[in-house]
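Convention: sequence-line order gives letters A, B, ...; per-chain numbering from 1.
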Protein chains: 2
Amino acid sequence: MTDTIFSVVTVDVLPLTYDPDGQVVRYGLHRRPAPPFEGELALPGVVVHSGERLEAAARRAVDKLHLRADPVALGQLRTFDEPSRDPRGPSLSVAMWAAYPSLRMGEDTGDSLWPEIADLPALAFDHTAIVATTRELLPALLWQDMPFTRAITGERFTATDAVAITRQLTRHDVHRANLNRALARIPGLAQAGTAPAAGGRPPKVWAWA
Amino acid sequence: MTDTIFSVVTVDVLPLTYDPDGQVVRYGLHRRPAPPFEGELALPGVVVHSGERLEAAARRAVDKLHLRADPVALGQLRTFDEPSRDPRGPSLSVAMWAAYPSLRMGEDTGDSLWPEIADLPALAFDHTAIVATTRELLPALLWQDMPFTRAITGERFTATDAVAITRQLTRHDVHRANLNRALARIPGLAQAGTAPAAGGRPPKVWAWA
DNA sequence: TCAAAAGTGTTGGCTATACACCCATGG
DNA sequence: CCATGGGTGTATAGCCAACACTTTTGA
């Protein structure tokens with residue numbers, strides 16, 4: 001083996017989900033069961049097998065979260081190449097997003113951890129930097145990349161959900177009225193009645209075609 | 001060697017340059033000197049060494065163009081993972097852009113080929129698809145990603161150059177007046193007199209800080 | 001009937017677009 | 001002094017942010 005010619009490539013996944021109860025966008029972590037960084041928090045990642053598709057590797061990676069649910073959609077973010085990112089030796093890491101249907105925290109999430117997207121604890125490897133960098137890419141995807149958006153929102157969502165998702169991913173406020181008008185211009189999105197509300201006017205429901 | 005754990009990773013580079021004489025944006029190709037695809041046109045690419053930075057690999061790759069000039073700036077585009085993209089076996093390819101100062105065609109380009117960005121001949125490997133996909137990412141970089149933009153335009157450029165670059169990268173028309181106003185709002189860009197013209201009013205010169 | 005939550009309407013400002021017109025140069 | 005190419009000004013439309021106001025529900 002000419003060891004300079006073969007590389008270790010990992011896929012590190014940013015699992016995302018929107019929790020409509022708390023109206024919070026969260027990302028998934030697990031505690032590493034083995035060295036290096038045993039016991040520390042990390043994004044789910046695997047070494048990519050030769051010939052394996054990145055999406056297939058990402059699906060293997062998220063198995064580490066031990067969820068019953070599967071990601072609805074996956075996509076590429078960017079590739080990290082800092083040679084010292086893994087103490088075991090040089091590796092490349094392709095960062096990908098994986099959007100899940102809404103998960104009931106605790107009940108559906110097992111031993112995985114789901115901090116809010118605004119929170120960033122210290123993580124294993126260079127995962128703190130990966131989260132910091134890649135979550136800045138998400139505003140460009142929301143309401144622009146439809147597979148991503150549709151997977152995050154789910155098939156039906158209220159205008160209030162849309163406001164919450166937008167505010168958390170873009171980190172600045174949106175006005176409900178203006179967002180509703182923006183949603184009306186998105187092809188494939190249509191109004192579908194209203195949703196029951198707790199103590200207020202029932203919000204508009206948007207549904208994907 | 002556990003052959004499923006190590007991957008072949010290549011960097012394939014989209015070398016870009018703006019030719020102010022013809023006012024054309026071009027990308028660089030070379031004829032492959034060896035199998036596979038011997039004699040066919042291809043993007044310059046190399047196998048990434050273990051522990052090598054992607055930018056370093058990209059700089060090695062563009063050596064295949066045999067240019068005297070070096071790229072002014074480089075950046076990542078996306079990663080291609082189709083397993084059959086190379087007949088020698090599965091590999092990943094990280095596509096990167098590399099922006100060159102303006103090159104006099106023929107004189108500065110040696111045996112490399114520089115088609116206009118709108119042209120896409122049949123290329124070796126999956127390079128036709130790589131060019132087709134990645135050139136769609138360039139409109140998002142122009143006038144947004146300053147290292148990219150500055151490297152493409154060079155330190156000084158006329159308003160006419162700006163129109164030509166924009167039209168070719170975005171594939172739709174811009175009006176000179178409006179583009180000039182947009183440029184005026186870009187931090188770091190300032191007017192710097194005018195350039196000699198051939199048979200018309202001398203165009204405004206823009207210069208980077 | 002009130003508070004809470006959300007929809008609707010309206011305004012002002014900004015940006016984009018298109019066009020008309022004016023200006024500087026070379027021949 | 002004319003053709004050429006480029007700058008400048010302006011009108012219009014569209015979009016966006018902000019805010020006031022109205023509507024719908026549950027208590």
Side-chain angles (χ1 to χ4, degrees), chain A residues 18-25 139-144 146 149 153-154 156-207, chain B residues 18-25 139-144 146 149 153-154 156-207:
Chain A
Y18 173 66
D19 171 7
D21 297 327
Q23 301 190 330
V24 180
V25 178
L141 300 180
L142 186 65
W143 314 120
Q144 307 292 130
M146 290 315 151
T149 304
T153 61
R156 300 165 63 81
F157 60 98
T158 67
T160 302
D161 293 329
V163 170
I165 293 169
T166 304
R167 201 168 27 220
Q168 290 172 73
L169 289 188
T170 67
R171 292 162 175 280
H172 51 74
D173 278 352
V174 231
H175 287 247
R176 192 187 308 277
N178 304 323
L179 184 56
N180 264 331
R181 280 185 279 259
L183 296 185
R185 280 195 303 271
I186 294 179
L189 257 191
Q191 284 189 240
T194 56
R201 177 167 173 174
K204 211 181 258 195
V205 172
W206 293 94
Chain B
Y18 173 66
D19 171 7
D21 296 327
Q23 301 190 332
V24 180
V25 178
L141 299 179
L142 186 65
W143 313 119
Q144 307 292 132
M146 289 315 152
T149 305
T153 61
R156 299 166 62 82
F157 60 97
T158 67
T160 302
D161 293 329
V163 171
I165 292 169
T166 304
R167 202 169 24 222
Q168 291 171 72
L169 288 188
T170 67
R171 290 162 176 280
H172 52 74
D173 278 353
V174 230
H175 287 246
R176 193 187 310 275
N178 305 322
L179 184 55
N180 264 331
R181 281 185 278 258
L183 295 185
R185 280 195 302 270
I186 293 179
L189 256 191
Q191 284 188 240
T194 55
R201 178 168 174 174
K204 210 181 260 198
V205 172
W206 293 94

Between CG of N180(A) and P of dC16(D) the distance, given in whole Å, is 14 Å
Whole-Å distance, K204(A) NZ to dA6(C) C1', equals 10 Å
* Asked: Is there a side-chain contact between T194(A) and R201(A) (heavy atoms, below 4.5 Å)?
  -> no
- prompt: Should L183(B) and Q191(B) count as side-chain neighbours, where that means a heavy-atom distance under 4.5 Å?
  reply: no
Closest heavy-atom pair, P202(A) versus A195(A), reported as atoms and distance to 0.1 Å, is CB-O, 2.9 Å
Residues in residues 158-167 of chain A with a heavy atom under 4.0 Å of DNA chain C, by number, are A159(A), T160(A)
For nucleotides 15-25 of chain C, 5' to 3', base contacts (B), sugar-phosphate-only contacts (S) and non-contacts (-) with protein non-hydrogen atoms under 4.0 Å give -SBB----BBB
Between W143(A) and L169(A), is there a side-chain heavy-atom distance shorter than 4.5 Å?
no
Scanning both residues in full, the closest heavy-atom pair of T166(A) with V174(A) reads CG2-CG2, 3.4 Å
Atom CG of L183(A) and atom P of dT8(C) are separated, to the nearest Å, by 12 Å
task = Answer yes or no: is there a side-chain heavy-atom contact under 4.5 Å between D173(A) and R167(A)?
result = yes
Heavy atoms of T158(B) and W206(B) approach each other most closely as C-CD1, 4.4 Å
L179(A) atom CG is separated from dG7(C) atom C1', nearest whole Å, by 13 Å
OG1 (T170(A)) and CD1 (I165(A)) are apart, to the nearest 0.5 Å, by 11.5 Å
